[in-house]
Amino acid sequence: MTVPVGVALPAPVVEMIGVRRFFPGPPEVEAIKDVDLTIRQGEYLSIVGPSGSGKSTLLHLLGLLDNPSGGVYRLDGVDTMSLRERRRAVLRGERIGFVFQSFHLLAHRTVLENVALSMVYVGVPRRERMARARVALERVGLAHRMDFGPTTLSGGERQRVAIARALVAEPSLLLADEPTGNLDSANAEAILELFDELHAGGMTLAVITHDDHVSARAQRRVRIVDGTLQW
Amino acid sequence: MLGVAALVGTVGLGQTAAGQISQKFDLAQATRVVVEPGDKNGQEGEAATELPWDAPLRLGRLNGVEAVGTVSTVNIGDDLVRSVGLDGSEGKALNVMAGSAGLFEAVRAALKTGRFFDAGHDQRADKVVVLGKHAAERLGINRVDGQPAVFIGDQPYTVIGILDSVSGRAELNDALIIPNGTAKAAYDLKAPDAIEIRTAVGAAQLIAGQAPKAIEPNNPSNLSVDAPPKQGAVRKGVESDLNALFLLLGAVALLVGGLGIANVTLLSVLERIGEIGLRRALGAARRHIAAQFLVESVIVGLLGGLLGTAVGVLLTVGVSWSKDWTPILDNTLAFGSPLLGAVIGLIAGTYPAWKASAIQPITALRGA
């Protein structure tokens, strides 16, 4: 990426330096080998790779769901390597919004409650949670579905609920893991358009996918093969 | 829930049954107070004092006394008792006892036939006699409508009644009972041997304390009082025996119930592994997850406890109703049992909650 001289770069959200992750064997598997990755504020990055390439492991590391075996990972300038589990959970709740392939909505809660759930552990008061959840649902175009159960929604609608849930806590980074993997092409397109809008609005996005069509929408593409990044 | 129901039900029924048993004890035993003259200076056989004839009158004024009567053995010397029959039967050696009119009520005597003598017979020293059950059998008398007579020595007495049963003073069954006045006139009876008191339920201890002072205000310690064991002692004994058994049963039921809750919670942890992963991804710390499952199992336990208590109370009341018993339920039991359920939920939920909190978020997310 070329940047005009004299213009300050946006602050990095993610800084990974020499990050490694291996799973003790036997046989020992080195899923991530020496990854350097910087994602700056407002960037829209896609990470592509075939299955088994280590992209899920990379996502878990990025999302603080897993600990690197070595290297340095700073999120919003905070060194995550030295954090205790409890602090990592708080950081995860505050700074990262997850969008999963299989949505992960709670079947027995309404759409509104599902969205509000992501602010429970951040300590937002209930009244404010509900108000912000409404705003987030309006933003993804689901204002009319607020009091429905997730099981009555289509796949595309469910993924939009999940995106609203990821956005509502105002994270620094939106992490999406195969966000269109369970959707037909029309719904997938709608989700990708939503991502474009979010990007235009200044959100930092990292989308992990094996689908070139999805990754092509990103501003910057990174390929992961056998645990190493290729530019 | 079943555990708590079983506990409340068994303990409730246990208490009710124990209450029932001791009520029966009460009727037979716990309302009987007997006053006798004490031994003089600890010497056996020598009475310290004489009981006054008007003792029934004095004791009758005490609150809690339901019936009171004197009883004495009459010394008839070598006199034998004969009934007047067609066979002109030979004389038998039978005891003769004297009593006041209130005696029969005081010893809960029931009549087989005829009537008791009353205060009028007593005053007039009428020659009437009431036969004890066995005495009547020995004399061959079983009905009184023909006004049969018996001879004590050479004096005829009219049989006016035959006893069927007495409680407490069994020797009345074997005796001929004549009014005090008659005994005084015919055999020079000096004083009552004993005073039989029937008290209201629960009043026996009180009356036992008051009776000597009412009879002999100057020297109450000259009297010896025979009262039932302290109120409730019998009941307590029976209750604790029964309760130990029922509590054991209840504890087993609770253990099973607790294991049930643990099992259900463990299953729900496995079922909701995706939710656990999601919550962790949304910033929940391990303790949040543990707290969630712990709270859930406590609520399950509390609801189970409430339901169980309701069922147990209904069971106790229902059984009592069908048996015509008085249901007895401890307040502590009724209000403590839901809490007990909650505590069991807490204990049962500890392991599943720990298990849930130990699940790694990646495993959880992959699993669902």
Side-chain angles (χ1 to χ4, degrees), chain A residues 21 23 31 56-67 83-109 114-124 129 150 161-162 165-171 173-178, chain B residues 1 260-304 307 345-346 348-368:
Chain A
R21 176 69 169 123
F23 296 101
S56 286
T57 306
L58 183 59
L59 176 100
H60 293 148
L61 292 175
L62 281 170
L64 295 176
L65 293 170
D66 196 8
N67 289 316
L83 293 181
R84 299 178 62 95
E85 175 56 34
R86 187 176 294 181
R87 274 298 302 158
R88 287 167 60 86
V90 171
L91 200 63
R92 186 158 65 218
E94 285 174 354
R95 306 291 171 89
I96 297 172
F98 288 94
V99 176
F100 302 101
Q101 178 176 3
S102 50
F103 323 134
H104 283 302
L105 300 176
L106 301 186
H108 302 293
R109 309 290 184 89
N114 264 289
V115 174
L117 183 70
S118 70
M119 289 174 285
V120 168
Y121 299 106
V122 186
V124 178
R129 285 208 297 270
V161 173
R165 181 180 62 196
L167 292 175
V168 75
E170 291 169 356
L173 173 67
L174 188 71
L175 267 183
D177 183 10
E178 300 280 8
Chain B
M1 180 230 132
I261 293 181
N263 192 29
V264 166
T265 312
L266 210 54
L267 274 177
S268 106
V269 167
L270 293 178
E271 222 165 69
R272 289 157 65 182
I273 205 159
E275 179 186 334
I276 295 169
L278 174 77
R279 286 175 182 272
R280 291 299 298 274
L282 294 178
R286 287 186 56 166
R287 66 195 164 93
H288 290 126
I289 302 295
Q292 182 190 347
F293 281 94
L294 215 49
V295 165
E296 281 178 19
S297 76
V298 165
I299 289 172
V300 167
L302 186 68
L303 287 178
L307 260 171
L346 184 72
T350 302
Y351 174 70
W354 174 79
K355 195 94 171 147
S357 75
I359 292 172
Q360 286 298 316
I362 9 173
T363 335
L365 288 169
R366 203 179 291 136

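What you see is a predicted model; the values in this text were computed from it and never measured. Lettering of chains follows the sequences in order, A, B, ..., and the numbering in each one begins at 1.
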Checklist entry - Where do B:Ala285 and A:Ala89 come nearest, in terms of heavy atoms and distance? => result CA-CB, 3.9 Å
Checklist entry - Given the options A:Ser118, A:Gly63, A:Ser56, A:Gly97, which has more heavy-atom pairs under 4.5 Å with chain B than any of the others? => result A:Ser118
Item to check | Charged N-O contact under 4.0 Å between B:Glu275 and A:Arg109 | outcome: no
Checklist entry - Counting N and O atoms only, with roles assigned by atom type, does the side chain of A:Arg92 sit under 3.5 Å from a partner on the main chain of B:Arg280, one being a donor and the other an acceptor? => result yes
Checklist entry - Can you tell me how far the CZ atom of B:Arg279 sits from the NE2 atom of A:His104, to the nearest 0.5 Å? => result 13.5 Å
Next on the checklist: Set out, in order, the CA-CA distance, both residues' side-chain angles and the distance that settles side-chain contact (heavy atoms from CB on, under 4.5 Å) for B:Leu278 and A:Phe98, then state yes or no.
Outcome noted: CA-CA 9 Å; B:Leu278 174 77; A:Phe98 288 94; over 6 Å; no
Next on the checklist: Any non-hydrogen side-chain atom of A:Arg165 less than 4.5 Å from a side-chain atom of B:Leu282?
Outcome noted: yes
Item to check | For the student: nearest non-hydrogen atoms of B:Ala281 and A:Leu65, plus distance | outcome: CA-CD2, 4.1 Å
Checklist entry - Under a 4.5 Å heavy-atom cut-off, does chain A meet the side chain of B:Arg287, its backbone, both or neither? => result side chain
Checklist outcome for this item: Highest number of heavy-atom pairs under 4.5 Å with chain B among A:Val90, A:Leu117, A:Val120 belongs to A:Leu117
Checklist entry - Side chain, backbone, both or neither: which part of A:Leu106 has an atom under 4.5 Å from a heavy atom of chain B? => result side chain
